[in-house]
K.L.:
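Sharing a structure with you now.
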Amino acid sequence: MIKKQLKEMSFLDHLEELRWLLVRSTVAILIFATVTFFISDYIFDVIIFGPKSPDFITYRFFCDLSHQLGFADSICVTDLPFIIQNIDVEGQVNILVWTCITAGFILAFPYILLQLWNFISPALYKNERKHAKLFIFIASILFFLGVLFGYFVVVPMSVNFFATFRVSNVVQNQFSFDSYIGMIKTSVIASGLFFELPVIIYFLTKLGLVTPQFLRTSWRYSVVIILIVAAIVTPPDVVSQLIVAIPMLLIYELSILISNIVYKKQLKKEGQIGS
């Protein structure tokens with residue numbers, strides 16, 4: 001049945017389906033972007049500029065944690081000595097538009113996943129196509145968890161690090177508005193997509209492009225890369241680096257576990273077919 005469906009669709013048919021996937025996803029993003037435009041004051045004042053304040057929840061959490069671990073005020077944030085300035089005539093307008101589009105993408109992500117599922121489902125087995133709701137739910141939860149991780153962990157640590165880092169006291173930190181927003185967007189979106197790693201590994205294993213053996217072999221390299229990323233986006237203290245690195249390592253371990261389960265099921269099916 002599946003082979004018949006695939007044969008009935010030509011290459012141009014697939015391109016047409018892909019085109020409509022992109023069109024529908026773009027429309028959804030623009031609709032949510034329009035909605036966020038009407039609450040843009042809240043998005044900027046509370047969400048985007050939240051990590052700029054020493055009273056941000058993440059800084060207070062780390063300060064309380066440092067006291068509990070006996071580090072006194074070693075990782076407490078009391079001052080963020082920098083200002084944000086706009087240096088382009090159309091800068092604030094462009095940033096407003098692209099920030100709304102980014103927010104629209106985040107909010108529309110479950111719908112985008114639905115469109116993606118509809119695109120790839122003809123290549124799946126009939127029993128696998130029944131799991132559409134589960135796939136969309138799990139993938140959406142992972143993405144939103146990644147977005148929250150990026151916003152509440154990666155962003156404030158990056159802001160604190162770059163705000164307090166100085167090559168000389170002569171140099172004052174005056175970040176451009178575009179640079180500040182770009183750092184937040186990159187951290188949030190990248191974290192959200194990284195948390196999709198278990199879902200990506202699931203499909204790559206199904207396609208035979210990845211095996212659990214390969215992931216285990218690459219584990220050491222992955223740990224080194226994750227620790228380097230954690231060291232870059234966090235202040236130079238072990239506690240902060242571990243708080244960023246541990247969730248990322250857990251996501252990678254979960255990916256290996258999922259790949260192992262899928263791989264064993266495929267071997268079992270091949271064994272049954274062979275018999």
Side-chain angles (χ1 to χ4, degrees), residues 20-53 55-59 61 80 82-119 135-163 175-200 229 233 244 247-248 251:
W20 279 108
L21 180 155
L22 296 175
V23 169
R24 287 190 289 266
S25 299
T26 301
V27 170
I29 292 173
L30 293 178
I31 290 174
F32 280 104
T34 302
V35 173
T36 58
F37 173 79
F38 293 102
I39 57 171
S40 58
D41 289 344
Y42 177 85
I43 291 176
F44 279 97
D45 294 336
V46 177
I47 298 178
I48 291 179
F49 294 130
K52 187 180 182 300
S53 171
D55 293 328
F56 189 63
I57 184 173
T58 303
Y59 303 137
F61 170 78
L80 293 171
F82 74 96
I83 64 172
I84 300 175
Q85 57 180 346
N86 175 52
I87 58 176
D88 296 321
V89 174
E90 72 283 4
Q92 296 198 49
V93 175
N94 290 337
I95 288 172
L96 172 62
V97 172
W98 283 107
T99 298
C100 290
I101 291 176
T102 303
F105 171 78
I106 294 173
L107 295 175
F109 193 77
Y111 180 79
I112 296 174
L113 287 176
L114 175 62
Q115 297 302 310
L116 182 62
W117 178 268
N118 291 335
F119 180 73
F135 162 76
I136 294 170
F137 176 77
I138 293 176
S140 298
I141 291 297
L142 287 173
F143 178 76
F144 289 132
L145 285 176
V147 168
L148 293 175
F149 176 76
Y151 177 72
F152 285 106
V153 179
V154 178
V155 168
M157 288 185 174
S158 300
V159 169
N160 180 35
F161 174 75
F162 291 116
F175 303 145
S176 69
F177 194 13
D178 182 61
S179 175
Y180 178 80
I181 293 293
M183 182 269 296
I184 292 179
K185 288 193 296 185
T186 301
S187 300
V188 169
I189 298 298
S191 298
L193 295 179
F194 178 80
F195 271 57
E196 291 295 299
L197 184 62
V199 177
I200 296 173
V229 172
V233 302
V244 171
M248 299 175 72
I251 289 293

K.L.:
Over all heavy atoms of both residues, which pair between T26 and L22 is shortest? Give the atoms and the distance, please.
P.N.:
OG1-O, 2.7 Å
K.L.:
Heavy-atom distance under 4.5 Å between the side chains of Y111 and L107, does that happen here?
P.N.:
no
K.L.:
Answer yes or no: is there a donor N or O on one side and an acceptor on the other, between the side chain of N160 and the main chain of P156, under 3.5 Å?
P.N.:
no
K.L.:
Quick check: closest heavy atoms across I84 and F82, and the distance to 0.1 Å?
P.N.:
CG1-CE1, 3.7 Å
K.L.:
Parallel, tilted or perpendicular: which one describes the rings of Y180 and F49, with boundaries at 30° and 60°?
P.N.:
parallel
K.L.:
Roughly how far, to the nearest 0.5 Å, is the CD1 atom of I184 from the CD1 atom of I47?
P.N.:
10.0 Å
K.L.:
Please report the shortest heavy-atom distance between L21 and Q115, naming the atom on each side.
P.N.:
CD1-O, 3.3 Å
K.L.:
Taking atom CG of L145 and atom OG of S191, what is their separation to the nearest 0.5 Å?
P.N.:
11.5 Å
K.L.:
Rounded to the nearest 0.5 Å, how far apart are CG of L142 and CZ of F137?
P.N.:
9.5 Å
K.L.:
Assess the pair F109 and F32: is the distance between their ring centroids shorter than 6.0 Å?
P.N.:
no
K.L.:
Do N94 and D88 have side-chain heavy atoms sitting under 4.5 Å apart?
P.N.:
no
K.L.:
How about I57: does its CD1 atom have over 12 heavy atoms from other parts shown lying under 6.0 Å from it?
P.N.:
no
K.L.:
Taking atom CZ of F37 as the centre, does the number of heavy atoms from other residues, nucleotides or ligands within less than 6.0 Å exceed 12?
P.N.:
no
K.L.:
Rounded to the nearest 0.5 Å, how far does CD of Q85 lie from CZ of F175?
P.N.:
10.5 Å
K.L.:
Rounded to the nearest 0.5 Å, what separation is found between the CD1 atom of I95 and the CD atom of E90?
P.N.:
10.0 Å
K.L.:
Please confirm whether the backbone N or O of F152 pairs with a side-chain atom of T58, one donor and one acceptor, at under 3.5 Å?
P.N.:
yes
K.L.:
Is the closest side-chain heavy-atom distance between I181 and W98 below 4.5 Å?
P.N.:
no
K.L.:
When you measure from the side chain of Y59 to the backbone N and O of P51, does any donor-acceptor pair fall under 3.5 Å?
P.N.:
yes
K.L.:
Considering non-hydrogen atoms only, spot the tightest contact between G50 and Y151 and give its length.
P.N.:
CA-OH, 4.4 Å
K.L.:
List the steps and the verdict of side chain to side chain contact (heavy atoms under 4.5 Å, CB included) for F56 and V159.
P.N.:
CA-CA 11 Å; F56 189 63; V159 169; over 6 Å; no
K.L.:
Which atoms form the tightest heavy-atom contact between P110 and I136, and what is the distance?
P.N.:
O-CG2, 3.9 Å
K.L.:
Please find the pair of heavy atoms, one from K52 and one from L80, that lie closest to each other, and give the distance.
P.N.:
O-CD1, 3.0 Å
K.L.:
If you round to the nearest 0.5 Å, how far is CD of E196 from CD1 of I138?
P.N.:
10.5 Å
K.L.:
Indicate yes or no: at least one non-hydrogen side-chain atom of T99 is less than 4.5 angstrom from one of S40.
P.N.:
no
K.L.:
Could you tell me which residues satisfy side-chain contact (heavy atoms from CB on, under 4.5 Å) with V147, sequence neighbours excluded, listed by chain and number?
P.N.:
I106, F143, V188
K.L.:
Check for a donor-acceptor pair, side chain of T36 on one end and backbone N or O of A33 on the other, with a separation under 3.5 Å.
P.N.:
yes
